[in-house]
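Excluded from the calculations below are hydrogen atoms, water molecules and symmetry mates; all remaining heavy atoms, backbone and side chain alike, are included. Order of appearance sets the numbers: ligands from 1, and atoms from 1 within every ligand.
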Amino acid sequence: MPFADLGLSDELLQAVTDAGYSEPTPIQAAAIPSVLMMRDLIGIAQTGTGKTAAFVLPMIDILAHGRSRARMPRSLILEPTRELAAQVAENFEKYGAGHKLSMALLIGGVSMGDQIKALEKGVDVLIATPGRLMDLFQRGNILLTGCSMLVIDEADRMLDMGFIPDIEEICTKLPKQRQTLLFSATMPPPIKKLADKFLDNPKTIEVARPASTNINITQWVVPVPAQSFEKRKRLRQLLGQDEVRTAIIFCNRKTTVRELNKSLKQHGFRSGEIHGDMEQPQRLAELDLFKRGDINILVASDVAARGLDIKGVSHVFNFDAPWHPDDYVHRIGRTGRGGATGVAFTFVAPDDAENIENIEKLTGQSIARLELPAVEEEPRRGRRDRPRRASSDEAVADAAEPVAPRRERSAPREQAPRDRAPREQALQERAPREQDRPVRSRRDDRSYARDRDDGPDIGWNGPIPAFLHATIPL
Ligand code: AMP
């Protein structure tokens, strides 16, 4: 189906042509006509499916008529993280160039004063994370009674981060007569309940099986010893493969992100880091380096990297197997985007066997094992002979004990995907140490999320990067 059949205005058809899209993605084809007809909608879709444009495009056309009033946004988009909120704002800028809509971004890490000023002027589109929105609401800076359109994006992630009570409260502040769109990669019972309570006769669109993984991504589970230095050694082995052009490496903890990035740099890799302890400008600066190719490896934590749309990531590494299976789907979804192919390696230490089982259960696929050949200890480089900005290939070639990670060179032993014996054994070894696992109850979800990744909102009074300007005329 061509874009022209979806009911969008000529300006928007021009905008999608300018964006280089030849036809709508399945979620766009199914969602856009319904949204334009003002229906409530549940979109079960992962990032990477084009779901952002599925709501941004019709919203622009709907909001093109009408005027904004001070402190009364006309529409609200809730996003779980600052980065996702900023990305949605970028989408409005991209597709809304031909419209005169105003937009405000309410996210932590950006000066509240500017955000309040933007609200005072009146905005057509308010994009917010629930925490910052609630703060401003409680200070009396926002009235949601004029908000006739609500988008709850990445709802399952909101649940993971403990935002559902905030979202419920926000929903009660909006007028009952409104259009509500909810997007989620999966529909766990609390999200289903939320949808039942706040959506009116929604149309449900499912573009991919919940939590399914992209067929363009080749996935490997790599058994590794538990010790960090051993894992780092295996990682360098794989990073040395010449087909690793750009990589995002996920760790479960902020401290691991920092340590790993430091270690990679010491080994001459061009790497950077992104995690919740960093202030917003730092995160954006690091992302920019990665997007521009000044660094080709980004070590990341889940919350900071959620939903990032960075083109051309060739590899994803799970340095730590994710604790939650849906994080796996989101992490590896950073590669294999827009029809490109990608590779995802997940390190699995003996204690991680259960996590991998849960992932395989969720995705309905078993992941092939890749046994790496044993590596000799690499001598650490002294400070003086450390390369400054060597490429990863150079770095490995430079090492006194170069490893032979390329599959064609060293043909690692692949185990049959169905071979569960090592996992069972690992599970048995693991059982008495159950208390080591991070235990998370729904009650302390928020503190868990903050502690684990998305640090407290730190007010930032410096210059606002171009696309984060509090109000951007579209
Ligand atoms: P999203 O699922 O919203 O994160 O979008 C993933 C990527 O798909 C983004 O890079 C979009 O620019 C791109 N995209 C969105 N719609 C289309 C389309 N109709 N054709 C090709 N790419 C698209």
Side-chain angles (χ1 to χ4, degrees), residues 1-9 11-33 35-36 41-61 77-97 125 127 151-158 181-186 205-217 246 248 287 290-291 300 302 304-314 316 326 329-342 467:
M1 180 192 280
F3 265 111
D5 289 357
L6 300 181
L8 293 168
S9 65
E11 288 94 333
L12 282 179
L13 292 177
Q14 187 57 48
V16 294
T17 308
D18 293 347
Y21 306 154
S22 49
E23 57 177 33
T25 64
I27 183 101
Q28 290 163 1
I32 291 173
V35 179
L36 287 174
L41 183 114
I42 297 174
I44 305 171
Q46 298 167 229
T47 51
T49 54
K51 74 174 165 67
T52 314
F55 61 85
V56 169
L57 291 172
M59 276 182 84
I60 292 173
D61 264 350
I77 300 171
L78 293 172
E79 292 290 336
T81 67
R82 306 162 189 187
E83 283 75 15
L84 272 172
Q87 246 165 45
V88 171
E90 280 181 327
N91 271 259
F92 269 99
E93 273 190 298
K94 181 161 93 179
Y95 306 126
V125 185
I127 306 165
V151 179
I152 304 168
D153 196 16
E154 305 262 345
D156 52 351
R157 190 60 175 190
M158 300 270 202
L181 319 177
L182 182 144
F183 292 89
S184 194
T186 58
I205 298 167
E206 186 170 353
V207 293
R209 200 159 41 81
S212 64
T213 50
N214 183 335
I215 51 162
N216 293 332
I217 306 170
T246 45
I248 301 186
L287 261 182
F290 189 65
K291 283 184 178 174
D302 286 295
R306 170 81 176 188
L308 293 179
D309 180 28
I310 303 163
K311 296 218 162 49
V313 175
S314 72
V316 165
D326 61 330
V329 178
H330 290 294
R331 285 180 180 189
I332 74 163
R334 305 304 101 221
T335 184
R337 289 169 94 82
T341 54
F467 76 91

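Here the closest heavy-atom approach between residue F3 and residue E23 is recorded as CE1-C, 3.4 Å. The shortest non-hydrogen separation linking P80 to M158 is N-CE, 3.6 Å.
Counting atoms of ligand 1 from 1 in the listed order, those under 4.0 Å from a heavy atom of K94 are 12 (O). Distances below 4.0 Å separate heavy atoms of T25 from the following atoms of ligand 1: 17 (C), 18 (C), 19 (N). Distances below 4.0 Å separate heavy atoms of E23 from the following atoms of ligand 1: 18 (C), 19 (N), 20 (N). Atoms of ligand 1 lying under 4.0 Å from at least one heavy atom of G50, given by number and element, are 1 (P), 2 (O), 3 (O), 5 (O), 15 (C). Those atoms of ligand 1 with a heavy atom of T49 less than 4.0 angstrom away are 2 (O). When each atom of ligand 1 is checked for a heavy atom of T52 under 4.0 Å away, the hits are 1 (P), 3 (O), 4 (O).
Below 3.5 Å of separation, one finds an N or O of Y21 facing an N or O of ligand 1. At under 3.5 Å, a nitrogen or oxygen of K51, whether backbone or side chain, sits near a nitrogen or oxygen of ligand 1.
Checked by atom type and distance alone, the side chain of E79 never pairs as donor or acceptor with a backbone atom of V88 at under 3.5 Å.
Proximity of F55 to L41: side-chain heavy atoms (C-beta onward) are nowhere separated by under 4.5 Å.
Legend: salt bridge (Lys or Arg N to Asp or Glu O under 4.0 Å) pairs involving residues 46-61, not counting sequence neighbours, sorted by first then second residue: K51-D153, K51-E154.
Residues satisfying the side-chain hydrogen bond (donor to acceptor under 3.5 Å, both in side chains) criterion with D5, sequence neighbours excluded, are absent altogether.
Under 4.0 Å from ligand 1, not a single heavy atom of Q87 appears. The part of F3 lying near ligand 1 is the side chain, judged by heavy-atom distances below 4.0 Å. Of the heavy atoms in E90, none comes closer than 4.0 Å to ligand 1.
Q87 and N91 share no side-chain donor-acceptor pair at under 3.5 Å.
For the atom pair CG (L84) and CG (L78), the distance works out to 12.0 Å, reported to the nearest 0.5 Å.
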